[in-house]
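Each chain gets a letter, A, B and so on, in the order the sequences are listed, and its residues count up from 1.
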There are 4 protein chains.
Amino acid sequence: MPGKPSESKRKDKSLRILVAADELFGEQGYDAVSVRDIARAAGVNKALVFYYFGSKEDLFARVLTRYYESHRSALEGALDASGPLDKRLGRLVDAYFDFMVANRSFARLVQQQIAGPGTHLELIQQNLTELERWTEHALEGLAPNDGPLAARHMFVTFSGAMINYFTYARALRPVWGGDPLADDALAERRAHLHWLVGVVVQGLKAA
Amino acid sequence: MPGKPSESKRKDKSLRILVAADELFGEQGYDAVSVRDIARAAGVNKALVFYYFGSKEDLFARVLTRYYESHRSALEGALDASGPLDKRLGRLVDAYFDFMVANRSFARLVQQQIAGPGTHLELIQQNLTELERWTEHALEGLAPNDGPLAARHMFVTFSGAMINYFTYARALRPVWGGDPLADDALAERRAHLHWLVGVVVQGLKAA
Amino acid sequence: MPGKPSESKRKDKSLRILVAADELFGEQGYDAVSVRDIARAAGVNKALVFYYFGSKEDLFARVLTRYYESHRSALEGALDASGPLDKRLGRLVDAYFDFMVANRSFARLVQQQIAGPGTHLELIQQNLTELERWTEHALEGLAPNDGPLAARHMFVTFSGAMINYFTYARALRPVWGGDPLADDALAERRAHLHWLVGVVVQGLKAA
Amino acid sequence: MPGKPSESKRKDKSLRILVAADELFGEQGYDAVSVRDIARAAGVNKALVFYYFGSKEDLFARVLTRYYESHRSALEGALDASGPLDKRLGRLVDAYFDFMVANRSFARLVQQQIAGPGTHLELIQQNLTELERWTEHALEGLAPNDGPLAARHMFVTFSGAMINYFTYARALRPVWGGDPLADDALAERRAHLHWLVGVVVQGLKAA
DNA sequence: GATGAATGAGTATTCATTCAT
DNA sequence: TATGAATGAATACTCATTCAT
C-alpha cells in the first residue's frame with residue numbers, strides 16, 4: 001500500500017517527536033530548544049508537533065509526566081514491606097538507581113525545572129512530595145518526626161546523592177579518569193549509595 | 001541634591017545591573033531572562049547593559065565569576081589544617097553553608113548550568129574541580145583513593161546534600177510546614193549536615 | 001476570487017521580495033536598505049523574507065547571481081565567431097548594452113560592490129574575470145598580450161565606458177538636457193560605443 | 001608643559017579623524033563604517049568626532065569636499081591653453097591620473113556615492129559638472145556639440161577609463177599577474193590612457 | 001578640548017503558533 | 001494526518017547622538 005502510512009507508522013511520528021523532545025530538552029533545557037529543532041530531530045514537519053501536542057509547553061509537560069509515570073511504577077515495585085530494613089532500603093536504592101540509569105535525561109530535566117523558572121513546578125512538586133512520603137514511610141520508626149534527623153532531611157540528602165551524580169557527570173568527566181556513566185563507574189556509585197544508606201541507618205539507630 | 005547623579009551613583013548603575021542579573025538569572029535561568037528584563041529590573045536603559053558588559057553572555061559570566069571569587073575566598077578561610085578532624089570538617093561545612101545562605105541565587109545558578117545546555121560549563125568545571133580537590137584534601141588519610149568510598153564520591157554526595165536543599169526549597173515549601181529558608185529551618189539543616197559528616201566519618205573509620 | 005491566494009500567487013511573494021530587493025539594493029546599496037524596507041516594498045511580512053531567503057546576505061547574493069546568470073547567457077549568445085571583426089565586436093557591444101538597458105539596477109549594484117566593502121566580492125570577481133576572458137578572446141590577434149594596448153586594458157576601458165554611463169545618469173541628469181536613460185539618449189550612447197570600438201580597432205590595427 | 005597638549009597636537013586630533021574617516025569610508029563605504037570605528041582608528045574619543053565635525057554626515061561631506069578642493073586645484077593647474085592640442089590633453093590626463101594615484105580612496109568614495117544612495121549627490125554633481133565643463137572646453141572645436149561624438153560622451157568614457165581602473169584593481173588583482181596598483185602597472189595604465197586619447201582625437205578629426 | 005555615561009531608535013534574526021489545503 | 005506558507009511578538013545587539021563634567 002504505497003502512499004498510505006500504516007497504523008504503526010502513525011503512532012511512530014508522535015512517538016518520535018516525544019523521544020526527540022525528551023533528548024533535546026534533557027540536553028539543552030526548555031528555552032534553548034526550539035520546536036523547529038525538535039521537529040527536525042524527529043524528522044517530521046514542524047506543524048505536526050502542534051497537531052499532536054498543542055503547544056511547546058504541553059509537549060514538555062508530556063515528556064515530564066511520561067517520566068513520572070514510569071518513575072512511580074518503578075519505585076512502587078520496590079516498596080513492598082517484606083524483609084528486614086536493610087533489604088528493604090537496599091531495594092529502594094536499586095530501583096531508584098536503575099531508573100536513573102535507564103532514563104538518563106530525567107535527572108537533568110528535573111534539576112533544570114527545580115533550579116529554573118517555576119513554569120512546570122506543579123508537576124515537580126507532586127513527584128517530589130510523593131518521593132518524600134515514600135522516604136518517610138521507609139524510615140518509619142527509625143527517623144524522628146522532627147529535627148535534623150527527620151526523614152525529610154534524609155530525603156533531600158539521598159535525593160541529592162542520587163540525582164546529582166548524573167547531572168555532575170558531564171561536568172566532572174574531564175576531571176575524573178574515565179566516563180562517570182560507564183558501567184563500572186555506575187556500579188561503583190551504586191555501591192557508594194548502598195554504603196551511605198548503611199552508615200546513615202547505623203547513625204539513626206545509635207541516636 | 002536629588003536628580004543629580006552623585007559620584008556614588010555612577011558605579012551604582014553597573015552594580016545595579018549586576019545585582020538584577022544575578023537575581024533574575026537565579027530565578028528564571030539564562031534563557032528565560034531577556035536583557036530587557038534585566039535593564040527594567042535595574043532601572044536602567046537597555047543599551048547600558050551592553051555598554052557595561054558587552055553582551056548577555058559576558059554579563060552572565062560576570063555574575064558567575066563574582067560568585068566563584070567569593071565562594072573560593074569563603075572556603076579558603078575555612079581550610080586551615082589545625083585541630084582535630086571533626087573540627088576541621090565542621091568548619092568546612094559551616095563555611096560552605098554560610099556561603100549558600102548568604103548567596104541564595106548561587107545554588108540555582110549552578111544547578112541550572114550543570115543540568116542545562118552547558119554554555120558556561122567551563123567556569124562551572126573549574127569551580128567543581130576545585131571543590132573536589134578540597135574535599136579530597138580534607139579527607140586525606142581517611143577515605144581511600146578508589147572505590148565506592150573514595151573522596152570523589154563523598155564530594156558528590158555532600159555537594160548534593162548541601163546544594164539541593166536550597167534548590168528544592170521552593171518546590172518543597174508547600175509540603176513542609178514553614179519556610180525551608182527561614183532561620184530555624186536553616187539551623188536544622190545545618191545540624192543535619194554536621195550529623196551527616198559525623199556519621200560518614202565514623203563509617204569511613206570503621207571501614 | 002479576491003482574497004484567496006491563487007496558485008500563481010504562491011511563488012509570487014518570493015518573487016516580489018526578490019524584485020523589491022533588487023530595486024532597493026540597486027538604488028540605495030546593501031547597508032542602506034533594511035529587511036523591513038524590502039518587506040514593506042514587497043508587501044509581505046518581514047519574517048517571510050527570512051523564510052524564503054534565510055538571511056539578508058543570502059537574499060543579496062540571490063539578487064546578484066540572478067543577474068549574472070542572465071548576464072552570461074545574454075553575452076554568450078553574442079559570442080559566435082562568424083563574420084568580420086567589426087560585426088562581431090558590434091554584436092558584443094549591442095548585447096552588453098541591451099543587457100544594461102534591460103537591467104537598470106545591475107550597473108549600480110555591481111559598482112557598489114566593487115567600490116564598497118567587498119563583502120560579496122567573490123561573485124563579482126567571477127563575473128569580471130569571465131568578461132575579461134571574453135574581451136581577450138574577441139580581440140585575439142588584434143591586441144597584444146602585454147603593454148598598454150593589451151586586451152586587459154581594453155576591457156577596463158570599455159567596461160567603464162559601458163557601465164559608468166548608467167551609474168552617472170542620475171547624477172548628470174540635471175546637467176544634461178533631458179533624461180540620459182530616455183530612448184533617444186540611449187540610442188546616442190549606443191552609437192558612441194560603436195564609434196569608440198571602431199576608433200580603437202583602427203588604432204590597434206595601425207599599431 | 002606637561003599635560004597641556006601643544007597647539008600642533010590639537011589640530012592633530014581633528015586631522016587624524018579626517019584621515020581615518022577617509023580611509024575607512026573609502027574601504028568600506030559610508031554605512032559600513034561606524035563613528036566608533038573612526039574614533040578607534042584615529043585613537044580619539046568617540047564624542048570628539050562630534051565635537052569637531054557635528055555629525056557623521058558632515059564628517060563624510062568634509063572628506064569629500066577636501067578631495068574636491070585638491071582635485072580641482074590639481075586639474076586647474078593643467079588647464080592652461082598653451083601648446084598644441086595633444087600636449088594640452090596629455091597634460092590633463094597626467095594631472096588627473098596623478099591625482100588618482102595620490103588619492104587612492106577617492107575613486108572608490110566617488111563611485112560608491114554615484115552608484116549608491118543619493119545622500120551626498122549634490123557634492124558629486126558639482127564636481128562632475130565641473131569636470132564635464134573642462135572636458136568640453138578642452139575638446140572645443142574638435143568634438144561636436146551634440147550626437148554620439150559630443151564632448152559629453154567623451155567625458156563619461158574617459159572618466160570611466162580613468163576611475164574604474166582604480167576601483168576594479170582590488171577585484172582584478174587575483175586575475176591579473178601582479179598588483180594593478182604597483183608602479184609599473186600604473187605606468188602602463190597611464191600609457192594606455194594617453195594612447196586612448198590619441199586614438200579618439202584622431203577619430204574626431206577624421207569625422 | 002576631551003570624555004565616560006547614557007539613550008531612543010533601529011537592525012537582523014528567531015520563535016511559537018496558526019491556517020488553508 | 002500532514003504540510004508549506006505566513007505572521008506578530010520578541011530577542012540580542014548596534015548606532016548616532018547628547019550631555020554633564
Side-chain angles (χ1 to χ4, degrees), chain A residues 3-5 7 9-14 31-39 44-59, chain B residues 3-5 7 9-14 31-39 44-59, chain C residues 3-5 7 9-14 31-39 44-59, chain D residues 3-5 7 9-14 31-39 44-59:
Chain A
K4 249 201 174 176
E7 229 174 281
K9 280 270 168 97
R10 285 204 198 139
K11 287 203 174 171
D12 212 31
K13 290 203 178 179
S14 152
D31 293 294
V33 173
S34 75
V35 175
R36 195 156 147 269
D37 293 336
I38 296 170
V44 305
N45 184 282
K46 198 177 31 154
L48 202 63
V49 176
F50 292 92
Y51 178 75
Y52 276 125
F53 297 94
S55 77
K56 190 189 173 188
E57 289 257 342
D58 287 355
L59 171 58
Chain B
K4 252 198 175 177
E7 224 172 286
K9 283 266 166 105
R10 285 215 194 127
K11 286 199 174 172
D12 216 29
K13 288 203 178 177
S14 154
D31 290 298
V33 172
S34 77
V35 176
R36 198 156 140 271
D37 294 337
I38 295 171
V44 305
N45 185 285
K46 197 180 24 153
L48 202 64
V49 176
F50 294 94
Y51 177 74
Y52 277 120
F53 296 95
S55 76
K56 189 188 173 190
E57 289 253 343
D58 286 355
L59 172 56
Chain C
K4 253 197 175 177
E7 222 171 288
K9 281 269 167 105
R10 284 216 195 127
K11 286 200 175 172
D12 216 29
K13 288 203 179 179
S14 154
D31 291 298
V33 173
S34 77
V35 175
R36 197 156 142 271
D37 294 337
I38 295 171
V44 306
N45 185 285
K46 193 176 32 149
L48 201 64
V49 175
F50 294 93
Y51 177 75
Y52 277 121
F53 296 94
S55 75
K56 189 188 172 189
E57 289 254 343
D58 287 355
L59 172 56
Chain D
K4 250 199 173 175
E7 228 172 281
K9 279 270 168 96
R10 286 203 197 139
K11 288 202 172 169
D12 213 30
K13 289 204 178 177
S14 152
D31 293 293
V33 172
S34 75
V35 175
R36 196 156 147 270
D37 294 336
I38 296 170
V44 305
N45 184 282
K46 198 178 27 154
L48 202 62
V49 176
F50 292 92
Y51 178 76
Y52 276 123
F53 296 94
S55 76
K56 191 188 172 189
E57 290 256 342
D58 287 355
L59 171 57

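Between Phe50(A) atom CZ and dC15(E) atom P the separation is 12 Å, expressed in whole Å. In this structure, the NZ atom of Lys46(B) is 8 Å from the P atom of dA12(F), given to the nearest Å. Between the CG atom of Leu48(A) and the P atom of dA2(F) there is a distance of 5 Å, rounded to whole Å. Taking atom CZ on Phe53(A) and atom C1' on dT17(E), their separation rounds to 16 Å, with Å as the unit.
Between Glu57(B) and Ala47(C), the residue anchored closer to the 5' end of DNA chain F is Ala47(C), taking for each the nucleotide with the nearest heavy atom.
Counting atom types as modelled, Lys56(C) pairs no side-chain N or O with a base atom of dT11(E) as donor and acceptor under 3.5 Å. Contact annotation: side chain of Lys13(A) to base of dT1(F), donor-acceptor pair absent below 3.5 Å.
Between Tyr51(B) and dC13(F), a side-chain N or O to OP1/OP2 separation shorter than 4.0 Å is absent. Residue Ser34(B) has a polar side-chain atom (N or O) positioned under 4.0 Å from OP1 or OP2 of dT11(F).
Lys13(C) places no side-chain N or O within donor-acceptor distance of the main-chain N or O of Asn45(C), the cut-off being under 3.5 Å.
Residues Ile38(C) and Leu59(C) meet the side-chain proximity criterion, which asks for heavy atoms closer than 4.5 Å. Here the side chains of Phe53(B) and Ser14(B) are in contact, with some heavy-atom distance below 4.5 Å.
Checking dG1(E), dT7(E), dA16(F) against every side-chain atom of Asn45(B), the shortest atom distance belongs to dT7(E). When distances are taken from the side chain of Val35(D) to each of dA16(F), dT11(F), dT13(E), the shortest belongs to dA16(F). Considering only the side chain of Arg36(C), dT11(E) comes nearest among dT7(E), dG10(E), dT11(E).
Among the heavy atoms of the strands lying under 4.0 Å from Val33(A) are primed sugar atoms or P, OP1, OP2 only; no base atom is included.
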Just the dot-bracket of DNA chain F, please: which string comes out with Watson-Crick or G-U pairs under 3.5 Å, [ ] for crossing, | for another strand?
.||||||||||||||||||||

